[in-house]
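Quick notes on the structure that follows.
Here is how names work: the chains are called A, B, and so on, in the same order as the sequence lines, proteins then strands, and each is numbered from 1.
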2 protein chains.
Amino acid sequence: MEHNLKEFFDKTLKEVSLDCTVFGFHEGELKVLLLRWKGTDEWSLPGGHILLDESADDAANRILTQRTGLNDVYLQQFYTFGNVNRYVYHPEKELLQKLEVTFGKGFFEGIIFRRVVSIGYFALVEFAQVQPTPDWFTDECRWWSLADVPNLLFDHNEMIERALKALRQRTRNHPIGYNLLPEKFTMPELQRLYETILDRQFDRRNFQKLLMSYDILERLDEKRVGAANKSPYLYRFVKEKYEAAVLEGVSFSM
Amino acid sequence: MEHNLKEFFDKTLKEVSLDCTVFGFHEGELKVLLLRWKGTDEWSLPGGHILLDESADDAANRILTQRTGLNDVYLQQFYTFGNVNRYVYHPEKELLQKLEVTFGKGFFEGIIFRRVVSIGYFALVEFAQVQPTPDWFTDECRWWSLADVPNLLFDHNEMIERALKALRQRTRNHPIGYNLLPEKFTMPELQRLYETILDRQFDRRNFQKLLMSYDILERLDEKRVGAANKSPYLYRFVKEKYEAAVLEGVSFSM
DNA sequence: TTTTCAATGCGTAAATTTTACACAAAGAAA
DNA sequence: TTTCTTTGTGTAAAATTTACGCATTGAAAA
């Protein structure tokens, strides 16, 4: 490098992309949004490239909006994936052949399937609000239960694993739920969310005590009716207090 | 994008770099390694590009070795900087002019000073072991006390801030010190390290109790002599136990 | 209509963890 | 020899976290 700058520069990496692990919570399970590539059975995370006049965060937001129809979702960068072999974990060659049947021979020449560095984001969204929308490379976009996620393209299984770790980390230091639950919810539902994310059980009374101590929840005069048991109260986050707690951080110490 | 893939692709970002915040600990202060650009008074973090056959981590290690002479330093990726304006925080234009005096007009054309995404790493090194070494763009490399760091080029001040936050976060969840202290050290020295990183004071007795509870330290039969006070014992990390604690994590709960 | 069953609402005591705190001894410098 | 700074050491109080049981509700089943 020291002797020929331009020569060195030609030997350096010239691509960045970005991939999002979109978490939703439904029927007591964490879900992630996956895309099926055109003419194949291969799935991957939603992702894309950064435009020249766009920050990485803007790009993540744009891509998220395109895939979910939602505008203001919680988005957090958690890791940048820069392994040399991150594109050869899985049978991409066959994938490329299948894709060329759909898109035409040589279509991807020098465009995709070169090695790139990818910035990993995770998003938290309200499951019911999402309109899963495939992109130009894919013809299906749908939720998968975390437990059922198949072998994904590239290093996307590792991405989900790391995203989950980052989500757990965040859950231990910040309030969570405003982004994943509907406006009104019961205390047991909130507890189930925490239990699902952290993969542990908590004592009902201690959980309620701790969450109420954050002073971000308001108990409503409504109850959820319909189930074969005592009707639980509905709660709602007090937005300003919740946001203050997000900024300050809280310790979920169970 | 949906209609012309290649056209879209031309509008996307094509550069990645990487910058390292190298932390050392000396005379009770945290230090960072900075580089002064040739023919200027402008300083920046050490950084560089990723080679085509290299992972991001490998690149960080290579760059670190080049700047410090050290081989196995603790390195951790903490954030990827992707703001649109990350190259226009500071007066780069004048910088470019000054650099062209040194390097020749047009030398950097299309090579540096375009917008790039940069992966931020921080490194922890043993201060006394480092041989600060400038790179091809710079003619000085030296330690700066964190408190004295000047206005840096690009978004490097923000990088250091975030690196410090990440270091604090790590210090709260993992043992630290093996990477920053010499082989043998006293308990008060270790305490000062923690106090410096976390910017707080701790009670001597409680600190010792907590650190010893991690079961990663061995008290030697030696003492540090020379100071005008009672000679403190020397301690050393038990490597295997330290590494186990790094993997498992410990909570620094003071 | 009555009974059953699963889930909810609610408070206190025990255990653990964290914090606060003081005095005697060492060793160089004055 | 005295002074001064820093070290080594343990216990009690406070705060936090964990454990735990019973009466009530409401739909479903009998």
Side-chain angles (χ1 to χ4, degrees), chain A residues 27-29 171-173 175 177 181-182 184-196 198-236 245 248-254, chain B residues 27-29 171-173 175 177 181-182 184-196 198-236 245 248-254:
Chain A
E27 292 177 343
E29 285 190 312
T171 304
R172 295 225 148 268
N173 300 314
L181 293 175
K184 298 175 185 180
F185 49 87
T186 68
M187 191 58 73
E189 283 163 5
L190 180 59
Q191 179 171 347
R192 219 92 61 231
L193 172 63
Y194 271 80
E195 291 180 335
T196 305
L198 296 174
D199 195 24
R200 296 188 39 198
Q201 305 280 103
F202 303 109
D203 179 89
R204 249 166 353 109
R205 286 155 291 185
N206 295 338
F207 180 83
Q208 169 149 353
K209 214 185 307 174
L210 184 58
L211 268 284
M212 291 311 281
S213 79
Y214 297 159
D215 189 29
I216 55 177
L217 282 168
E218 165 182 40
R219 187 167 90 176
L220 306 177
D221 283 333
E222 294 171 74
K223 299 189 172 194
R224 166 141 310 154
V225 293
N229 53 39
K230 187 169 178 176
S231 300
Y233 284 103
L234 287 171
Y235 290 78
R236 150 169 78 194
E248 196 173 331
V250 297
S251 151
F252 183 78
S253 53
M254 298 187 86
Chain B
E27 292 176 342
E29 285 190 313
T171 303
R172 296 226 148 267
N173 300 314
L181 293 175
K184 298 174 183 178
F185 50 87
T186 68
M187 191 58 74
E189 284 164 4
L190 181 57
Q191 180 172 344
R192 229 142 285 139
L193 173 63
Y194 271 80
E195 291 180 336
T196 305
L198 297 175
D199 195 25
R200 296 189 40 198
Q201 306 278 107
F202 304 109
D203 178 89
R204 250 161 359 105
R205 285 156 293 188
N206 294 339
F207 180 84
Q208 169 150 350
K209 213 184 310 174
L210 184 57
L211 268 284
M212 291 311 281
S213 80
Y214 297 160
D215 188 30
I216 57 177
L217 283 168
E218 165 182 41
R219 186 165 92 175
L220 307 176
D221 284 331
E222 294 171 75
K223 298 187 171 193
R224 164 141 311 153
V225 292
N229 52 42
K230 185 169 179 176
S231 302
Y233 284 103
L234 288 170
Y235 291 78
R236 154 170 75 195
E248 195 174 330
V250 298
S251 152
F252 183 78
S253 54
M254 297 185 88

For a quick test of your reading: what N or O donor-acceptor pairs under 3.5 Å do the side chains of residues 227-236 of chain A make, sequence neighbours left out?
residue, atom, partner, partner atom, Å
A:Y235, OH, A:Q208, NE2, 3.4
A:R236, NE, A:E218, OE1, 3.3
A:R236, NH1, A:E183, OE2, 3.3

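For the pair B:R205 CZ and C:dA22 P, the interatomic distance rounds to 8 Å; values are reported in whole Å. Summarising the geometry, the separation between CZ on A:F202 and P on C:dT8 is reported as 16 Å, rounded to the nearest angstrom. Distance, B:F207 CZ to C:dT19 C1': 16 Å, rounded to whole Å. One can place CG of A:D203 at 13 Å from C1' of C:dG9, the figure rounded to the nearest angstrom.
Looking at residues 209-220 of chain B, you'll see B:K209 sit with a heavy atom under 4.0 Å from some atom of DNA chain C. Residues from residues 222-234 of chain B lying near DNA chain D, meaning a heavy-atom separation below 4.0 Å, are B:A228, B:N229, B:K230, B:P232, B:Y233 in numerical order.
The shortest non-hydrogen separation linking B:A245 to B:I216 is CB-CG2, 3.7 Å.
Residue A:Q208 has its side chain nearest to C:dC10 when only C:dT8, C:dT19, C:dC10 are considered.
B:N206 pairs by the side chain to side chain contact (heavy atoms under 4.5 Å, CB included) definition with B:D203, B:K209, B:M254, not counting sequence neighbours. By the ring-ring contact (aromatic ring centres under 6.0 Å, His included) test, A:Y194 pairs with A:F207, A:F252, sequence neighbours left out. For B:K184, the side chain to side chain donor-acceptor pair (under 3.5 Å) test picks out B:E222, with sequence neighbours left out. For the side chain to side chain contact (heavy atoms under 4.5 Å, CB included) test, residues two or more places apart in sequence or in another chain that qualify with A:N173 are A:Q169, B:Q169. Partners of B:P182 according to the side chain to side chain contact (heavy atoms under 4.5 Å, CB included) rule, which considers only residues two or more places apart in sequence or in another chain, are B:E126. In this view, A:Y214 satisfies the ring-ring contact (aromatic ring centres under 6.0 Å, His included) rule with no residue, not counting sequence neighbours. A search for salt bridge (charged side-chain N to carboxylate O under 4.0 Å, His left out) contacts involving B:R224 returns B:E189, not counting sequence neighbours. Here B:S253 pairs with B:L210, B:S251 under the side chain to side chain contact (heavy atoms under 4.5 Å, CB included) rule; sequence neighbours left out.
Each of A:R200 and A:R204 was assigned the nucleotide of DNA chain D with the nearest heavy atom; the assignment lying further toward the 5' end belongs to A:R200.
Among the atoms of the strands shown, none is found under 4.0 Å from any heavy atom of A:M187. Nucleic acid contact class of B:T186 (heavy atoms, under 4.0 Å, all strands): none.
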(request) Give the intermediate values and the outcome of side chain to side chain contact (heavy atoms under 4.5 Å, CB included) for residues B:L198 and B:R172. (result) CA-CA 9 Å; B:L198 297 175; B:R172 296 226 148 267; 3.9 Å; yes
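Here the range on DNA chain D touched by chain B, meaning any atom under 4.0 Å from one of its heavy atoms, is D:dT5 to D:dT11.
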